[in-house]
Amino acid sequence: MDIVNSCDPQGPLAAVLEELTQSAEIIGLDDRTLQKLRHPKRTFIVSIPVLMDDGGLNVFTGYRVQHNIDRGPAKGGIRYHPDVSLEKTVALSMLMTWKCAVVDIPYGGAKGGIICDPADMSKNELEHMTRRYTTELIDVFGPERDIPAPDMGTGPEVMGWIMDTYSMNKGYSVPGVVTGKPLSIGGARGRSKATGRGCVFVIREAAKREGIELDGATMVLQGFGNVGSALAELIVPLGVKVIAIGDVAGSIYNSGGLDIAALKRFSDEAGSVVGFPESEPLDNGDLLTLDCDILVPAALEGQINDCNAADISARLVVEAANAPTTPEGDRILNERGIVIVPDILANAGGVTVSYFEWVQSLQAYFWTEEQVNLRLEDVMTRAFENVYDEAKKRDLDMRTAAMTVAVGRVAEAITDRGIFP
Ligand code: GLU
């Protein structure tokens, strides 16, 4: 069951539908195409019985939603988290459609998830749950159909199990069925840091346009998982001081800038940033409103909302997480002149390198990490420029501009294909 957050009473689906409707109006989208885009193409709900280590049976609920496949196969991550719901999965699948379109890679959008708490499960239980989920969706996934990837609570190990389960069913190895898999079975070099690296390219471009000198700029980061930790590591060489970081357990602060390499070693060991020696503790409620130049939410949805948006002091907000800002939070930040680089652009580095991985897997020809990173930089800077130019041309904020670019591209594909039959 979803717990209603009083600071985000609508939830992310209402928000993405509102953004879609608004961008459709701006580009003068015809109603037929808008109606098509408001509905996910296919929605799958599966029960996943798992024999737990204590001998008991747990039946988990899993989802896979394919929002759109007009520009290419469905693409998107799989989330293992207690807050997974059908509604959220639909919202996140729509965001994947826009994300792939905004960086102009040939995919539609999808998302999957299982309601579970991976922190409370053994490796054995996670493996059985993953293999059964994959088996239930064996005809849904496929390199030309629907290609899963990591999201919150999943990573290369889970992708390896999905690839193996799918391949065992087919009778031969199918590396192109998932991305974000281990290097030994066709993973792409640079994939694990790709979302964080993509964010850094976007921050660099945004800072240039907004006249923010990165050398000496301060950053506050919410989330120190795969995305947040890579981003922090890669932004420090540009002279940015990461002064505060929070995770579920709490937040830490150091006005001189946190030592990210030492913090990463500490949090890998301790399971949290809390207690890091060279820092002061900070309340999670005070993290986002801390004085800084750049604020990066890299955790859950709905974090910047009508309860705290008025107190945010950053000049630039870069959405490394999916849907971290509610529509009301967005309105308040825009009114206050705070520039927001939206999720579908800011965190698209992950799916961009997923695309590179898929191409490499299909061709069985692998690139160096340098090639991956250079091509990522090229895609991210071009996408940023497209969105920035659109914002200037139509006098829009960056989120609306990213949406009009993305929806425009998907709509063009729909028009060119026509409605079947
Ligand atoms: N889960 C990531 C996202 O939300 C990556 C998706 C992918 O690589 O397909 O963008």
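Note that the structure is a prediction, hence the values are computed from the model and not measured. Order of appearance sets the numbers: ligands from 1, and atoms from 1 within every ligand.
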is_close_aromatic(His67, Trp98), centroid dist under 6.0 Å: yes
Side chain to side chain donor-acceptor pair (under 3.5 Å) partners of Thr165, counting only residues at least two apart: Arg131
Side chain to side chain contact (heavy atoms under 4.5 Å, CB included) partner of Thr404, the single match among Val102, Leu29, Ile27: Ile27
Neighbouring residues of ligand 1, heavy-atom cut-off under 4.0 Å: Lys75, Gly76, Gly77, Met96, Lys99, Lys111, Ala149, Pro150, Asp151, Arg191, Asn322, Gly350, Val351, Ser354
Ile114 side chain near Val84 side chain, heavy-atom distance below 4.5 Å: no
Heavy-atom pair of closest approach, residues Cys116 and Tyr80: SG-CB, 3.6 Å
Ring centroid separation Tyr355 to Tyr107 under 6.0 Å: yes
